[in-house]
There are 2 protein chains.
Amino acid sequence: MQSKQAVTILSALAQSSRLAVYRLLIEHAPDGLAASAIAQKLGLANATLSFHLKELSHAGLVASRQEGRFIYYSPVIAAMNDLIGYLTDHCCSQSARGCATGKAGCKPATATKPRSAAASKRRSA
Amino acid sequence: MQSKQAVTILSALAQSSRLAVYRLLIEHAPDGLAASAIAQKLGLANATLSFHLKELSHAGLVASRQEGRFIYYSPVIAAMNDLIGYLTDHCCSQSARGCATGKAGCKPATATKPRSAAASKRRSA
DNA sequence: CAAACAATTCTATCATTATGGAAATATCGA
DNA sequence: TCGATATTTCCATAATGATAGAATTGTTTG
């Protein structure tokens with residue numbers, strides 16, 4: 001994942017309403033929710049929600065499908081996964097301490113250990 | 001980590017200059033770089049860089065220390081780790097498919113498996 | 001103290017983002 | 001086709017963010 005794309009995804013998530021939408025969709029994965037249901041649950045005006053959904057779609061964080069006269073939005077897990085991979089790589093890479101294990105995210109910086117090779121593997125997961 | 005703080009950190013990273021600053025600091029962890037060196041390397045005006053550093057500091061992503069007449073900025077790995085933990089949790093939680101293993105980030109959504117308990121452990125790492 | 005340097009704050013300006021009412025588009029059921 | 005419903009687009013407005021010159025603050029060295 002390139003930095004430009006990372007910025008796009010980060011921007012999409014860096015807004016409380018949109019983060020709330022995304023989290024709500026995660027709760028309802030993999031089927032998702034209709035736009036009206038999202039608007040109702042989060043108390044957003046239709047136009048406002050539509051604006052935010054457009055942002056999330058554009059960033060590739062959500063997908064939509066028409067079903068009857070409803071449009072269902074669902075989260076795209078791969079996009080989030082890519083973002084986490086990007087952050088993990090650039091949090092733990094190079095000379096940075098704090099990425100001792102092959103596990104999850106970064107560890108608090110303490111000792112100097114050989115950097116894990118797991119990060120690059122994880123990218124393609 | 002609360003959503004509000006997550007939005008703060010995401011916002012701080014959701015800007016290309018700031019993401020570049022953060023990545024540059026990661027390359028130079030744990031000692032960091034002086035503001036002037038950052039500005040020079042990234043081709044940013046001093047005032048502009050100062051503005052971005054303030055954002056990053058406010059989000060807790062970087063720390064600073066004065067050394068002579070230089071101010072050195074260094075990345076706060078724990079903050080990034082918290083963010084990754086937050087995203088991992090809210091990417092993989094509840095009914096969402098796609099978090100089969102206890103490893104790193106999320107997996108592409110496929111099968112339905114018992115959700116890992118590693119996420120909550122990871123939070124406190 | 002004064003000069004040189006590092007960095008920040010002040011200030012103004014320009015650009016982008018968020019919000020929601022109103023109109024437009026699309027789908028369904030009668 | 002018509003009316004009801006779902007959603008988006010259009011539009012104007014308000015709020016926030018980014019940029020950088022100039023002035024300011026703080027530090028070091030002579």
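Here is how names work: the chains are called A, B, and so on, in the same order as the sequence lines, proteins then strands, and each is numbered from 1.
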- [ ] For residues B:H58 and B:T8, determine if any side-chain heavy atom of one lies less than 4.5 Å from a side-chain heavy atom of the other.
- [x] yes
Open item on the list: I need the CG-P distance between B:L44 and C:dT8, as an integer number of Å.
Closed with: 13 Å
- [ ] Could you check if a side-chain atom of A:H28 sits within less than 4.5 angstrom of a side-chain atom of A:K41, using non-hydrogen atoms only?
- [x] yes
Below 3.5 Å between N/O atoms, which protein atoms pair up with nucleotides 25-30 of chain C? Just atom names and distances, please.
| unit_1 | atom_1 | unit_2 | atom_2 | d |
| --- | --- | --- | --- | --- |
| C:dT27 | O3' | A:G68 | O | 3.4 |

- [ ] May I ask you to check whether A:S3 and A:Y86 show a side-chain donor-acceptor distance below 3.5 Å?
- [x] yes
Open item on the list: Does B:S36 reach a base, just sugar-phosphate, or nothing at all? Heavy atoms under 4.0 Å.
Closed with: sugar-phosphate
TODO: Rounded off to whole Å, could you give me the CG-to-P distance for the A:L49 and C:dG20 pair?
DONE: 11 Å
- [ ] Can you tell me the distance, in whole Å, between the CZ atom of B:F70 and the C1' atom of D:dT28?
- [x] 10 Å
Open item on the list: Tell me the interatomic distance from A:L53, atom CG, to C:dT19, atom P, rounded to whole angstroms.
Closed with: 13 Å
TODO: Kindly say whether B:N46 contributes a backbone atom to a donor-acceptor pair with the side chain of B:S50 at under 3.5 angstrom?
DONE: no
Open item on the list: Any base atoms under 4.0 Å from B:A47, or only sugar-phosphate, or nothing? Heavy atoms, all strands.
Closed with: base
Task: 4.5 Å side-chain heavy-atom contact, A:P75 and A:Y22 - done: yes
TODO: Could you tell me whether the side chain of B:S11 and the main chain of B:V7 form a donor-acceptor pair under 3.5 Å?
DONE: yes
Open item on the list: Checking contacts here: which listed nucleotide (D:dT7, D:dG21, C:dA7) is nearest the side-chain heavy atoms of B:A35?
Closed with: C:dA7
- [ ] Could you check how far CG of B:L33 sits from P of C:dA7, rounded to whole Å?
- [x] 11 Å
Open item on the list: Main chain of A:R18, side chain of A:Q15: is a donor-acceptor contact present, judged purely on distance under 3.5 Å?
Closed with: yes
TODO: Taking the side chain as every heavy atom from C-beta outward, state whether B:L61 and B:V76 have any atom pair closer than 4.5 Å.
DONE: no
Open item on the list: I want to check something: taking the side chain as every heavy atom from C-beta on, are B:I9 and B:M80 in contact at a cut-off of under 4.5 Å?
Closed with: no
Using a cut-off of under 3.5 Å, enumerate the N/O to N/O pairs linking the protein to nucleotides 15-18 of chain C.
| unit_1 | atom_1 | unit_2 | atom_2 | d |
| --- | --- | --- | --- | --- |
| C:dA18 | OP1 | A:R18 | NH1 | 3.3 |
| C:dA18 | OP1 | A:R18 | NH2 | 3.0 |
| C:dA18 | OP2 | A:R18 | NH1 | 3.0 |

Open item on the list: Mind checking if A:A34 touches a base, just sugar-phosphate, or nothing, with heavy atoms under 4.0 Å?
Closed with: sugar-phosphate
Task: Expected output: side-chain B:S57 to main-chain B:L53 donor-acceptor under 3.5 Å - done: yes
Open item on the list: Using five base pairs at each end to define the local axes, how bent is the helix from C:dC1-D:dG30 to C:dA30-D:dT1, to the nearest 10°?
Closed with: 30°
Open item on the list: Counting only heavy atoms from other residues, nucleotides and ligands, does the tally under 6.0 Å from CD of B:Q66 exceed 12?
Closed with: yes
TODO: Report the distance from atom CG of B:N46 to atom P of D:dA18, rounded to the nearest whole Å.
DONE: 18 Å
Task: Euclidean distance, A:N81 CG relative to B:L87 CG, rounded to 0.5 Å - done: 11.0 Å
TODO: Could you check how far CD1 of B:I71 sits from P of D:dT25, rounded to whole Å?
DONE: 15 Å
Open item on the list: Rounding to an integer number of Å, can you tell me how far B:Y72 OH sits from C:dA6 C1'?
Closed with: 11 Å
